[in-house]
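Below: the structure, in structure tokens.
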Amino acid sequence: MATSDPRYVVEQGTDSSWLVVDRGVDRRGRRAIHRAQDERAARSEAETLSGMEAAVDALPEPEPDPDFDAMFAAALGAGATIDETHNFDHLLQSRPGQR
């Protein structure tokens with residue numbers, strides 16, 4: 001994809017408004033995401049969105065967290081323990097009409 005092919009473009013709407021259209025990452029989509037009454041405001045919004053996308057794209061990729069798997073497994077284990085205790089407590093509770 002050419003870098004000169006913008007993701008956010010401005011098109012005229014059917015009701016005399018101007019639309020900011022998101023063409024998606026692959027530049028083949030077409031979804032209106034903002035409506036403005038004048039072309040200048042729509043173009044300003046499209047430029048702002050394009051600038052934000054460029055800033056995000058310039059950020060370095062995050063490093064994987066080596067402790068994530070262990071923390072996730074511990075959280076799942078704690079959740080299972082809580083669920084088992086909760087279910088056991090329900091079994092011990094007397095039900096109306098039963099002794």
Side-chain angles (χ1 to χ4, degrees):
M1 195 69 43
T3 57
S4 63
D5 194 15
R7 176 175 177 171
Y8 302 98
V9 295
V10 175
E11 298 179 6
Q12 189 164 17
T14 57
D15 61 352
S16 301
S17 65
W18 292 88
L19 305 173
V20 176
V21 176
D22 180 357
R23 298 177 60 210
V25 175
D26 62 2
R27 309 301 194 260
R28 291 185 288 183
R30 188 169 180 269
R31 187 182 81 177
I33 59 171
H34 180 75
R35 178 185 306 267
Q37 293 305 312
D38 62 87
E39 183 179 6
R40 185 177 46 152
R43 291 207 183 279
S44 175
E45 181 71 14
E47 289 172 10
T48 299
L49 290 168
S50 294
M52 289 171 43
E53 182 182 36
V56 169
D57 288 346
L59 293 173
E61 287 292 322
E63 300 262 338
D65 184 352
D67 298 327
F68 177 79
D69 289 337
M71 289 187 302
F72 189 71
L76 284 178
T81 302
I82 291 168
D83 287 343
E84 289 169 8
T85 303
H86 177 76
N87 290 338
F88 187 68
D89 287 344
H90 275 283
L91 291 173
L92 294 177
Q93 291 177 357
S94 64
R95 295 183 183 143
Q98 294 181 345
R99 283 190 174 228

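Heavy atoms only: backbone and side chains are in, while hydrogens, waters and symmetry mates are out. Counting from 1, the numbers follow the sequence of the chain as shown.
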Identified salt bridge (charged side-chain N to carboxylate O under 4.0 Å, His left out) counterpart of E11 within the set R23, R35, R30: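 Single pass found, and it is R30.
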
Do you know which two heavy atoms are closest between [X] and [Y], and how far apart they sit?
| X | Y | result |
| --- | --- | --- |
| V20 | A42 | CG2-O, 3.3 Å |
| S17 | Q37 | CB-NE2, 4.4 Å |
| L19 | A32 | CD1-CB, 4.3 Å |

OG-CD distance between S44 and E39, expressed to the nearest 0.5 angstrom: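 Here the rounded value is 12.0 Å.
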
Spacing of CG belonging to D26 relative to CZ belonging to R7, to within rounding of 0.5 Å: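 Answer rounded to 0.5 Å: 9.0 Å.
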
Side-chain touch T48/Y8, heavy atoms, less than 4.5 angstrom: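 With C-beta onward as the side chain, the pair stays apart.
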
Heavy-atom side-chain proximity of D22 to L49 below 4.5 angstrom: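 Not touching, per the 4.5 Å side-chain cut-off.
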
